[in-house]
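Some notes on the structure that comes next.
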Amino acid sequence: MTTVKQHLLNDEQIRHFIVNGYANVTANVPTHIHETIYDKTDELFAGAADFRGDRQHNPLNNILPLVPELQIVLESPEVRGALTSILGNGYVMHPHRHCHPNFAESTPTGKENGEERLMMPLHKDGHAGGKRPRHRTPRWAILFYYPQPCLEDQGPTCIIPGTQYIREFMLDGERRRHERHVEGRNGTRLLSEHFLNRNLVPMSGELGTVWIMHFDMVHSFLQNYIPLNRYGMKFVFMRTKQPTGPSWNNETSMWQPPEVNHVPYDAEILWTYMWNWMYGKTDLYETDRQNTTTDVTSEVEALKTDIPNERMKAANELGFMRTDAAEAVPALIDALQDDYEPVRRNAIYALGAIGKPAVESLISALNSEKEAFDMEPILHICDAAHGLAATGASTVPALISALKDERENIRASAAYALGEMGPVAAESVDGLITLLTDESEEVRRHATSALGMIKVPVSKTVPALIRVLEDREDTDLAFFAAQALTRIGPDATEAVPALREALMSESAYVRGFSSEALSRIGTAEALQALVPFLRTARWFNYVKKSMPAFSIALKETTHATRDTDSLLKLISEWTKQRDIPLPKAEEVSQDSDTQFQVTFSDGKRVTAKVEGDTLNLYHRTRVEAGFKAYR
């Protein structure tokens with residue numbers, strides 16, 4: 001990281017991020033940088049047929065070394081400040097990067113009576129390199145950047161606000177590949193009534209606009225009606241530290257709603273928790289809201305009404321009563337089965353706010369979503385586990401006991417909840433280390449992840465993670481361990497030798513995070529281990545295509561390439577003129593008027609192609625420059 005001053009977000013921007021799930025800034029870099037990024041990217045995708053960009057054209061994770069000017073945008077004070085504000089100091093970039101093209105006029109249906117369709121299904125991203133637990137707290141963020149002005153008609157990415165906390169974003173109906181949407185209010189689009197939140201926000205903007213969203217946001221992208229390709233660069237960033245104070249430009253200590261709210265329900269108890277968590281407070285439900293005059297009994301009754309917003313409000317109110325609402329715990333546990341998911345979200349954090357009186361009931365509820373866990377054991381964490389994580393230190397002893405449960409889903413959920421608490425759960429480290437050899441792959445993953453977030457005592461966590469990293473048979477778990485050691489960072493000096501060896505892993509993601517871990521450790525030994533790896537990881541501005549071994553300008557020869565005989569004469573004449581010791585051509589076959597296959601006396605074969613006024617000989621797969629400047 002450079003020492004350039006960061007432009008941090010303010011309180012209002014953080015409140016907006018907590019509720020809506022995104023923030024945007026403008027990277028103040030010279031216009032020619034954006035233009036260079038656009039031109040290089042456009043050249044990379046020359047010839048690609050659809051928005052996915054086949055692997056011949058899309059550089060995938062290699063977009064950054066191929067277009068190194070992107071780093072200027074990522075290192076701009078505005079972007080660094082926004083990432084620091086959301087993820088805290090010490091954030092790191094995931095090795096996964098991706099360019100999402102939306103080619104000119106790539107419209108599946110066009111506009112019909114003001115109604116349009118999305119270009120791909122609405123979805124949440126999964127983690128590259130293997131599934132990772134989803135976190136409601138901002139531990140991961142996705143960054144989108146366009147190297148050109150990207151207004152709504154050019155097909156920007158679009159998001160459904162507030163979906164970072166929601167598992168199912170549709171109320172009913174079947175998901176469609178190209179969902180319909182119409183014009184909404186305040187610059188939004190409007191989805192059908194089947195969606196929990198019908199608001200769709202286009203991530204559009206003028207040149208230099210950068211959007212940062214919670215990793216678990218539901219998104220797609222709009223149709224491109226403009227005769228200009230649109231390129232969106234996606235990068236993923238990871239938080240490494242549990243908050244101990246606000247990492248943004250903070251002036252107020254208490255939660256208050258943002259000025260702009262695109263979410264059609266009130267999740268005040270959840271939003272208060274998120275604000276206080278990001279603020280680094282010990283009391284995660286601290287508030288200055290005025291006490292209500294309602295009693296527990298009336299709010300418990302309100303949890304049973306037919307009106308979802310009334311049930312949400314009741315859960316909010318019960319949560320803010322704290323331990324005074326202890327008698328409402330059974331009703332709130334029942335609310336975890338509510339058919340309106342936002343009610344379930346509020347009930348989770350209401351139970352967390354009530355605290356210790358809710359722990360036993362939450363532990364008993366850990367098995368309530370076993371079927372869903374069996375379907376998706378890494379991504380699907382039961383509501384009760386989130387509630388226990390949100391309860392804090394008082395639940396640690398009960399969760400330690402749950403680590404020994406004979407049921408796989410209980411052990412996994414307990415490990416996840418403990419990890420979410422961070423260093424507060426330090427006494428659980430011994431139990432989590434035991435789970436590193438659990439018979440369940442999913443339990444081992446959750447335990448490894450948890451150790452990286454708890455971090456302390458490093459005298460126990462680091463040696464345990466080293467053993468996982470050194471296991472050559474399980475590269476996926478080693479990836480979890482490399483991430484965990486990256487989070488521990490400067491206190492993981494003991495891991496330097498193992499991280500050095502991990503730089504040779506067959507997994508690019510293990511290598512990537514091992515290098516980040518060494519960088520964060522930052523000692524002379526760590527950096528010395530990192531330098532040889534970086535020497536062999538250097539890149540040139542190439543993409544993987546065929547590159548001619550020799551190019552023969554046809555105007556320089558007296559022979560035309562009409563048949564195999566004329567081809568042999570042309571090659572022979574040209575090699576004599578240039579004094580090139582090319583082996584003798586022994587066999588030639590003709591594929592078409594412009595393409596031949598040639599076998600030389602040394603056994604090597606080439607494809608000879610007439611391309612314009614040049615005959616190109618391709619004898620092996622090499623790399624071709626992706627940029628006009630190289631040409």
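Everything numeric here is computed off the predicted structure, so don't read it as measured data. We use all heavy atoms of the structure for the numbers below, so side chains are in, but hydrogens, waters and symmetry mates are not.
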_Under a 3.5 Å distance rule, please check whether T523 uses its side chain to pair with a backbone N or O of A526 as donor and acceptor._
yes
_Steps toward salt bridge (charged side-chain N to carboxylate O under 4.0 Å, His left out) verdict (D491, K455)_ = CA-CA 9 Å; D491 293 326; K455 298 187 180 184; over 6 Å; no
_Pair F169 + H123: ring centers closer than 6.0 Å_ = no
*asked:* To the closest 0.5 Å, what do you measure between CG (L503) and CG (L518)?
replied: 5.5 Å
_Sole candidate of Y22, F144, Y146 that passes ring pair (Phe, Tyr, Trp, His ring centres under 6.0 Å) when paired with W211_ = Y22
*Check whether any side-chain N or O of T437 sits under 3.5 Å from a backbone N or O of T434 as a donor-acceptor pair, and report yes or no.*
yes
_Heavy-atom check, side chain of E427 versus side chain of I400, under 4.5 Å_ = yes
_Spacing of I14 atom CD1 and M274 atom CE [to the nearest 0.5 Å]_ = 13.5 Å
*Does a side-chain heavy-atom distance below 4.5 Å link I466 with L499?*
no
_Beyond-backbone contact of F373 with E408, side-chain heavy atoms, under 4.5 angstrom_ = yes
*Indicate whether any N or O donor in one side chain lies under 3.5 Å from an N or O acceptor in the other, for N102 and Y231.*
no
*What are the two closest non-hydrogen atoms of L366 and C382, and how far apart are they?*
O-SG, 3.6 Å
*K124 atom NZ: more than 12 heavy-atom contacts under 6.0 Å*: yes
*Hey, what do you get for OG (S440) to CG (L435), rounding to the nearest 0.5 Å?*
9.0 Å
_Audit row: R136, E420, salt bridge (charged side-chain N to carboxylate O under 4.0 Å, His left out) steps and yes/no_ = CA-CA 10 Å; R136 296 201 179 120; E420 276 295 292; over 6 Å; no
*asked:* Counting C-beta onward and ignoring hydrogens, is there a side-chain heavy-atom pair between V443 and L403 closer than 4.5 Å?
replied: no
*Less than 4.5 Å apart, any side-chain heavy atom of R239 and any of P138?*
yes
*Using a strict cut-off of less than 4.0 Å between a Lys/Arg side-chain nitrogen and an Asp/Glu carboxylate oxygen, indicate whether R467 and D471 qualify as a salt bridge.*
no
*N/O donor-acceptor pair under 3.5 Å between N276 side chain and L284 backbone*: yes
_Student check: side-chain heavy atoms of K460 and D430 closer than 4.5 Å_ = yes
_Closest non-hydrogen atom pair between P95 and G512, with its separation_ = CG-CA, 3.8 Å
*For A389 and Y273, work out which heavy atoms get closest and say how close.*
O-OH, 4.1 Å
*asked:* Using modelled atom types and a 3.5 Å cut-off, is there a donor and acceptor pairing between side-chain atoms of T395 and backbone atoms of T391?
replied: no
*Do H446 and F480 have ring centres separated by under 6.0 Å?*
no
_Looking at every non-hydrogen atom in both residues, tell me the closest pair between V456 and V429 and how far apart they are._
O-CG2, 3.3 Å
_Test item: side-chain donor near acceptor, H34 and Y145, under 3.5 Å_ = yes
*Salt bridge check: are R230 and D42 linked by an N-O gap of less than 4.0 Å?*
no
*Counting distance only, does the side-chain N/O of S505 pair as donor-acceptor with the main-chain N or O of S507 below 3.5 Å?*
yes
_E516 and R520 ion-paired at < 4.0 Å_ = no
*asked:* Please check this pair: side chain of R80 against backbone of L8, looking for a donor-acceptor N/O pair closer than 3.5 Å.
replied: no
*When the aromatic ring centroids of W140 and H214 are compared, is their separation below 6.0 Å?*
no
*Would you say the side-chain atoms of R97 pair up with the backbone N or O of K234, donor to acceptor, closer than 3.5 Å?*
no
*Measure the spacing between OG of S428 and CG of L451 and express it to the nearest 0.5 Å.*
7.5 Å
*Kindly state whether the ring of F235 and the ring of H96 have centres lying under 6.0 angstrom apart.*
no
*asked:* Is the distance from the ring center of H94 to that of Y509 below 6.0 Å?
replied: yes
*Are side-chain heavy atoms of L399 and M421 found at a separation under 4.5 Å?*
yes
*Would you name the heavy atoms of M233 and P147 that are closest together and state the gap between them?*
CE-CG, 4.5 Å
_So that I can tick it off, tell me whether R407 and D405 are bridged by a salt bridge, with the cut-off set at under 4.0 angstrom between side-chain N and carboxylate O._
yes
*Indicate whether the side chain of N409 and that of N367 have a donor and an acceptor atom separated by less than 3.5 Å.*
yes
*Can you check whether L122's main-chain N or O pairs, donor with acceptor, with S220's side chain at less than 3.5 Å?*
no
*Tell me, please, whether F513 has R487 positioned over its six-membered ring: NZ or CZ under 6.0 Å from the ring centre and within 45 degrees of its axis?*
no
*Starting at CD of E494, measure out to OG1 of T461 and round the result to the nearest 0.5 Å.*
9.5 Å
*Can you tell if the side chain of I37 reaches within under 4.5 Å of the side chain of Q148, non-hydrogen atoms only?*
no
*CD1/I86 to CD1/I212 distance, rounded to the nearest 0.5 angstrom?*
5.0 Å
_Between H219 and D125: side-chain donor-acceptor atoms closer than 3.5 Å_ = yes
_Less than 4.0 angstrom from a charged side-chain N to a carboxylate O is my criterion; do D438 and R411 meet it?_
yes
*Under the salt bridge (charged side-chain N to carboxylate O under 4.0 Å, His left out) rule, what do R167 and D383 come out as? Steps first, then yes or no, please.*
CA-CA 10 Å; R167 190 179 300 148; D383 289 338; 3.7 Å; yes
*Among T84, N10, D11, whose side chain to side chain donor-acceptor pair (under 3.5 Å) with W248 holds?*
D11
*Identify whether NZ of Lys or CZ of Arg in R134 sits under 6.0 Å from the centre of the six-membered ring of Y416 and within 45° of that ring's axis.*
no
*State, to 0.1 Å, how close A141 and L87 come at their nearest heavy-atom pair, and which atoms those are.*
CB-CD1, 4.0 Å
